[in-house]
Every structure is written in structure tokens, then in C-alpha cells.
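These numbers come from a predicted model, not from an experiment.
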Amino acid sequence: MKRSHQTAPRGRLRRLRRTELPVDTVELARYLIGQVVVHDVAEGRLVGRIVETEAYPIGDPAGHAFRGKTPRNGSLFLGRGHAYVYFVYGSSFMLNVTSEVRGVGGGVLLRALEPLEGIDLMQRSRAATRLTDLARGPGRLAEAMQIDLTQDGLDLRAAGLLWLAATAQNPGAIGNSVRIGLTRNVDRRWRFYERGNPYVSGPKRLRE
DNA sequence: TATGCGATATTCT
DNA sequence: GAATATCGCATAG
């Protein structure tokens, strides 16, 4: 039997304070499931509920911070609650939430969102793909939310245009699995997702 | 549904 | 040169 899926209510959005974010990277990855990302752009407000994340903690060879600070990954070291955005594969931006204390590199990759508001704007950015494919996958997520290097290093807690918010509704059951698209440290189960949610990326066995 | 492949640009060896 | 925290399209079952 397929698990039924509930859409989060459109209540008032409450900005998350930095002190609400767990300090540990893996804990933060789990915590962010069910929370909301908001990007206020000129045309309106883009809102998506986080349904899939991956942790890249301290000492992880697959993490960008593993080899130390470089011009590219500098934002990872800003302390928890900042945006780290980078460009890969010649085509995709990736949005991460930094997760450790200032000076230490660590982050959580946001892999998929359930679109809640500004869906028409997202469809314009993504050339009108199906609703379930709008922000399913990290590259699609960034495109739908209009994320690029402009947002790299932003403080997601400050009164800015890109921010994290709490939802009134608790998330459903949270599953975990190995991370997607890696070649190093592949065995760690540091991917988290809301089980059965149709907006989660990956093959079927990684969504159940 | 799942698998496979090419495209693409930046970073690092 | 090689690798890359991917996507979209094609094809097969």
C-alpha cells in the first residue's frame, strides 16, 4: 500500500533562529526535513518544503570542506545557518545549509523541495515541467528557487531575501539511505527524506 | 520504472 | 587531462 501524502498548510511562516539549528551536521540534515525554504524575488515569493537532504559532516572525504578552505568552498566555513552555493557538471547549482561552528567546514545539501508557493514562477524558471519534477533533485531545486552564486554566503537567519522557516506541521516518517552521486565514502547513510513523499528524488527504492 | 549516455564548465591533479 | 554532491532524453521491458 502506498503511503498517503499530505500537503503542508499555508500558515504564517516563522523564521528559524540560529539557536534552533542543531550544531551537528547529520542532526541538522534530519532536522531540516519538513522545514521550509523561502526566497523573496522581484516577481514574488518562492516557498518550498524540504523533503530530502544529505549531510557532509566534518572529516567526510566526499565533502567539499575535506581538503580545506578554497575560494570555491569558503562559505562552508561561515558557521551554521549560511548558504553555500556551488556549480557542478557545467549545468547545475547546488544549495547547501552550513552546519558547523565558524571556521569549521560542514554542510547539508538540499536535494528536493515540495513546492508550496510561487509555483507559477517556478514553472516559468523550469520551462513548465510537471509539478512533481519542479524541485525534485538538487539542480532542479536551485533552478526553481532562482538560486545561483549570488546567494553564496548569505546568512539564512538574517532578515534577508533567502531564509529558512518552520512549519506548523510535523513531517511524516523520515527515512535514511546512502547518498547519491558519490564515489568516496559511499557507505554512510547520510541522506534523509520524508518517506513516500512524491517530491523526493532518486529511484523508487530510495524513496520508500 | 530503470538504465544508459551525452552535454556542459569549473576545479583540481 | 580527469573528476564532478546532475539533468534530460532515449530506449527497453
When rounded to whole Å, the CZ to P distance for the pair A/F87 and B/dA7 reads 16 Å
Centroid-to-centroid, A/Y86 to A/H64, below 6.0 Å?
yes
Can you tell me if A/R126 uses its side chain to pair, donor with acceptor, with the backbone of A/L134 under 3.5 Å?
yes
Which parts of residues 99-110 of chain A get close to DNA chain C, meaning a heavy atom less than 4.0 angstrom away?
A/L109
Hey, are the side chains of A/N96 and A/V85 touching, using non-hydrogen atoms and a 4.5 Å cut-off?
no
Is the closest side-chain heavy-atom distance between A/E20 and A/R14 below 4.5 Å?
yes
A/R136 vs A/V200 side-chain heavy atoms within contact, under 4.5 Å
no
Over 12 foreign heavy atoms within 6.0 Å of CZ, A/R72:
yes
Counting distance alone, no hydrogens or angles: does the base of B/dA7 have a donor or acceptor under 3.5 Å from a partner atom on the side chain of A/Y89?
no
Touch class at under 4.0 angstrom, heavy-atom based, for A/R126 against every strand present
sugar-phosphate
Which one, C/dT6, C/dA5, C/dG8, comes nearest to the side chain of A/L182?
C/dA5
A/R72 has a side chain; which of B/dA2, C/dT6, B/dT11 sits nearest to it?
B/dT11
Counting side-chain heavy atoms from CB outward, which of C/dT4, B/dC12, C/dG8 is closest to A/R140?
C/dG8
Identify whether NZ of Lys or CZ of Arg in A/R195 sits under 6.0 Å from the centre of the six-membered ring of A/Y193 and within 45° of that ring's axis.
no
Of A/Y84 and A/T129, whose closest DNA chain C nucleotide lies nearer the 5' terminus?
A/Y84
Test the A/R111-A/F192 pair against the cation-pi criterion, namely NZ or CZ under 6.0 angstrom from the six-membered ring centroid and within 45° of the ring axis.
no
Side chain proximity check, A/E52 to A/R191, heavy atoms < 4.5 angstrom
yes
Would you say the base of C/dA5 stacks on A/Y56 (centre-to-centre below 5.5 Å, plane angle below 30°)?
yes
For DNA chain C, please output the secondary structure as dot-bracket, reading 5' to 3'. Pairs are Watson-Crick or G-U wobble, both atom distances under 3.5 Å; mark crossing pairs with [ ], other-strand partners with |, unpaired with a dot.
||||.|||||||.
